[in-house]
Protein chains: 2
Amino acid sequence: MRMSDGVEWALHVAAVLAVVPPDKGLTAAKLSEFHGVPGAYLAKHLQALTRAGVFEAVPGRNGGYRLARAAKDITVLDVVEAVDGRARAFTCSEIRQRGPAAGPKSDYRGVCGIARVMYDAEEAYRDTLRNVTIEDLLSSFVKHATTGTQVRSATWLQKELSS
Amino acid sequence: MRMSDGVEWALHVAAVLAVVPPDKGLTAAKLSEFHGVPGAYLAKHLQALTRAGVFEAVPGRNGGYRLARAAKDITVLDVVEAVDGRARAFTCSEIRQRGPAAGPKSDYRGVCGIARVMYDAEEAYRDTLRNVTIEDLLSSFVKHATTGTQVRSATWLQKELSS
DNA sequence: AGAAAAGTGGACAATAGATATCCGGATAGG
DNA sequence: CCTATCCGGATATCTATTGTCCACTTTTCT
């Protein structure tokens with residue numbers, strides 16, 4: 001089970017957009033340059049994030065992307081689900097209803113016990129991500145990154161911010 | 001992010017093997033028949049489970065598979081990791097070290113804050129699976145399945161148990 | 001001893017999904 | 001009108017999953 005790289009990109013992008021003033025934006029091209037990832041493919045994910053209502057896109061000249069709401073109101077789960085989808089990782093194919101010991105369909109009302117456990121685990125996973133916001137990610141960066149990295153990031157951002 | 005179907009198969013197989021007496025076994029062919037899944041492919045997963053020390057394989061005539069230890073001592077996580085591997089779903093590609101704002105490698109000692117959150121979530125996922133045993137799965141089946149299903153399963157098992 | 005049944009592991013093909021690019025269309029600003 | 005930007009579809013490529021097959025070894029039954 002492997003998670004799409006797009007999720008990692010999206011979270012980094014969200015963290016960067018969190019320090020962009022609400023009236024400004026960053027283009028897909030600038031975001032891909034800053035993170036060193038393929039622009040055309042990142043754009044796909046940015047569109048998904050916009051559709052999900054996590055980012056906001058400003059079309060036209062001087063357009064770009066920004067957060068759709070305050071960084072403290074966007075959870076990591078919001079971003080993950082926007083990129084990776086809301087489908088469960090574990091899909092129950094109702095094995096219990098197959099084979100020689102299977103009975104009539106009415107015998108299988110509730111969720112299969114095995115699926116139940118897997119769903120619970122995924123819910124625990126989501127709970128963790130739901131309790132961390134983009135603002136938290138930013139705090140972590142400010143707390144742990146070297147001063148040099150923070151200065152370089154801020155400088156680049158100042159230079160590239162669109163109107 | 002989608003989990004391999006093999007995990008579902010393996011958990012169902014483990015639940016069935018949990019009711020097989022310790023001195024008996026079930027062949028890969030019988031297990032695939034009982035669950036209505038492709039035999040050759042299930043065999044691959046059974047081998048992985050054996051390598052991981054979750055199942056025990058008895059080669060030769062009258063051979064088959066059985067649990068390597070008591071059902072209460074095998075967790076769902078054991079089975080999931082045996083089939084799906086122990087690799088993390090989220091892989092950090094150190095995006096922070098790329099792009100125009102990147103600094104020298106020594107600037108990035110600890111784990112990236114974003115990766116940290118994703119790792120924590122996966123640990124919460126694993127914690128859930130670690131706290132459910134194969135015996136628990138069996139209890140759930142006994143508690144929730146209809147009597148008819150349980151009788152049909154037991155009957156089939158009686159008939160097919162190898163010596 | 002010989003035959004049959006079973007797991008092992010490698011090679012291989014088919015399929016699906018993730019990754020990545022490109023282009024025409026819509027939209028907004030100069 | 002022209003340019004920069006986002007949008008969405010079509011398409012190509014790569015990789016992992018899924019699935020099959022076969023030769024090989026081990027064990028047991030006759």
Side-chain angles (χ1 to χ4, degrees), chain A residues 1-10 13 17 23-33 35-66 68 80 82-85 87 89-91 93 95 160-163, chain B residues 1-10 13 17 23-33 35-66 68 83-85 87 89-91 93 95 160-163:
Chain A
M1 189 173 55
R2 192 170 157 276
M3 169 149 291
S4 160
D5 288 342
V7 169
E8 185 186 9
W9 302 357
V13 167
L17 290 184
D23 58 328
K24 310 226 171 185
L26 278 175
T27 68
K30 293 297 173 192
L31 286 167
S32 86
E33 180 198 343
H35 292 108
V37 301
Y41 192 34
L42 175 63
K44 277 276 178 291
H45 294 309
L46 294 175
Q47 286 170 28
L49 285 153
T50 303
R51 270 195 303 275
V54 177
F55 291 175
E56 220 172 57
V58 180
R61 193 160 178 165
N62 289 338
Y65 289 96
R66 59 189 176 207
V80 170
V83 174
D84 201 52
F90 181 92
T91 54
S93 58
I95 279 186
E160 301 296 353
L161 273 182
S162 56
S163 66
Chain B
M1 189 174 53
R2 192 170 157 274
M3 169 149 290
S4 159
D5 287 343
V7 169
E8 184 187 9
W9 302 357
V13 168
L17 291 185
D23 58 328
K24 309 225 175 187
L26 277 175
T27 70
K30 293 296 173 192
L31 286 167
S32 87
E33 180 197 344
H35 293 108
V37 301
Y41 192 33
L42 175 63
K44 278 276 179 290
H45 294 308
L46 295 175
Q47 287 170 27
L49 286 152
T50 303
R51 270 194 303 274
V54 177
F55 290 175
E56 219 171 58
V58 179
R61 195 160 176 172
N62 289 337
Y65 288 97
R66 58 189 176 207
V83 174
D84 202 52
F90 180 91
T91 54
S93 58
I95 281 187
E160 301 296 353
L161 273 183
S162 54
S163 68

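Naming convention: chains lettered A, B, ... in sequence-line order (proteins, then strands); numbering from 1 in each chain.
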For this session: Tell me which nucleotide among D:dC7, D:dC6, C:dT8 gets nearest to the side chain of B:Gln47.
Result: C:dT8
For this session: Using a heavy-atom cut-off of under 4.0 Å over every strand shown, decide if A:Ala29 touches base, sugar-phosphate, or nothing.
Result: nothing
Exercise. So what does B:Ala43 touch, heavy atoms closer than 4.0 Å: a base, only the sugar-phosphate, or nothing?
Worked result: nothing
Between [N] ([atom2]) and [X] ([atom1]): distance, integer Å:
X: B:Arg61; N: D:dT28; atom1: CZ; atom2: C1'; result: 7 Å
X: B:Glu160; N: C:dA6; atom1: CD; atom2: P; result: 11 Å
X: A:Glu33; N: D:dT5; atom1: CD; atom2: C1'; result: 16 Å
X: B:Glu56; N: D:dT27; atom1: CD; atom2: P; result: 13 Å
X: A:Phe55; N: D:dT5; atom1: CZ; atom2: C1'; result: 17 Å
X: A:Leu42; N: C:dC22; atom1: CG; atom2: C1'; result: 16 Å
X: B:Asn62; N: D:dT26; atom1: CG; atom2: P; result: 18 Å
X: B:Glu8; N: D:dT18; atom1: CD; atom2: P; result: 11 Å

Problem set entry | Contacts of type side-chain hydrogen bond (donor to acceptor under 3.5 Å, both in side chains), residue B:Ser93, not counting sequence neighbours | A:Glu8
For this session: Give a yes/no on whether any side-chain N or O of A:Arg51 is located under 4.0 angstrom from OP1 or OP2 of D:dC7.
Result: no
Problem set entry | Heavy-atom pair with the smallest gap, counting every atom of A:Leu161 and A:Gly25 | CD2-O, 4.1 Å
For this session: Start with the C-alpha gap between B:Trp9 and A:Ile95, add the side-chain angles, then the distance that decides, and say whether side-chain contact (heavy atoms from CB on, under 4.5 Å) holds.
Result: CA-CA 8 Å; B:Trp9 302 357; A:Ile95 279 186; 3.1 Å; yes
For this session: Identify, with sequence neighbours excluded, every residue that meets salt bridge (charged side-chain N to carboxylate O under 4.0 Å, His left out) alongside A:Arg2.
Result: A:Asp5
For this session: Go through the structure and list residues passing salt bridge (charged side-chain N to carboxylate O under 4.0 Å, His left out) with B:Asp84, not counting sequence neighbours.
Result: none
Kindly list each side-chain donor-acceptor pair under 3.5 angstrom involving residues 35-58 of chain B, sequence neighbours excluded, with atom names and distances?
| residue | atom | partner | partner atom | Å |
| --- | --- | --- | --- | --- |
| B:His35 | ND1 | B:Leu31 | O | 3.0 |
| B:Thr50 | OG1 | B:Leu46 | O | 2.8 |
| B:Glu56 | OE1 | B:Arg66 | NE | 3.1 |
| B:Glu56 | OE1 | B:Arg66 | NH2 | 3.4 |

Seminar exercise, completed: By nearest-heavy-atom nucleotide on DNA chain D, the more 5' of A:Leu46 and B:Gly60 is A:Leu46
Seminar exercise, completed: On DNA chain D, more 5' by nearest nucleotide between B:Gly39 and B:Val58 is B:Gly39
Please tabulate the protein-to-nucleotide N/O contacts below 3.5 Å involving nucleotides 14-20 of chain C, giving atom names and distances.
| residue | atom | partner | partner atom | Å |
| --- | --- | --- | --- | --- |
| C:dT19 | OP1 | A:Asp5 | N | 3.2 |
| C:dT19 | OP2 | A:Ser4 | OG | 2.7 |
| C:dT19 | OP2 | A:Tyr41 | OH | 3.1 |

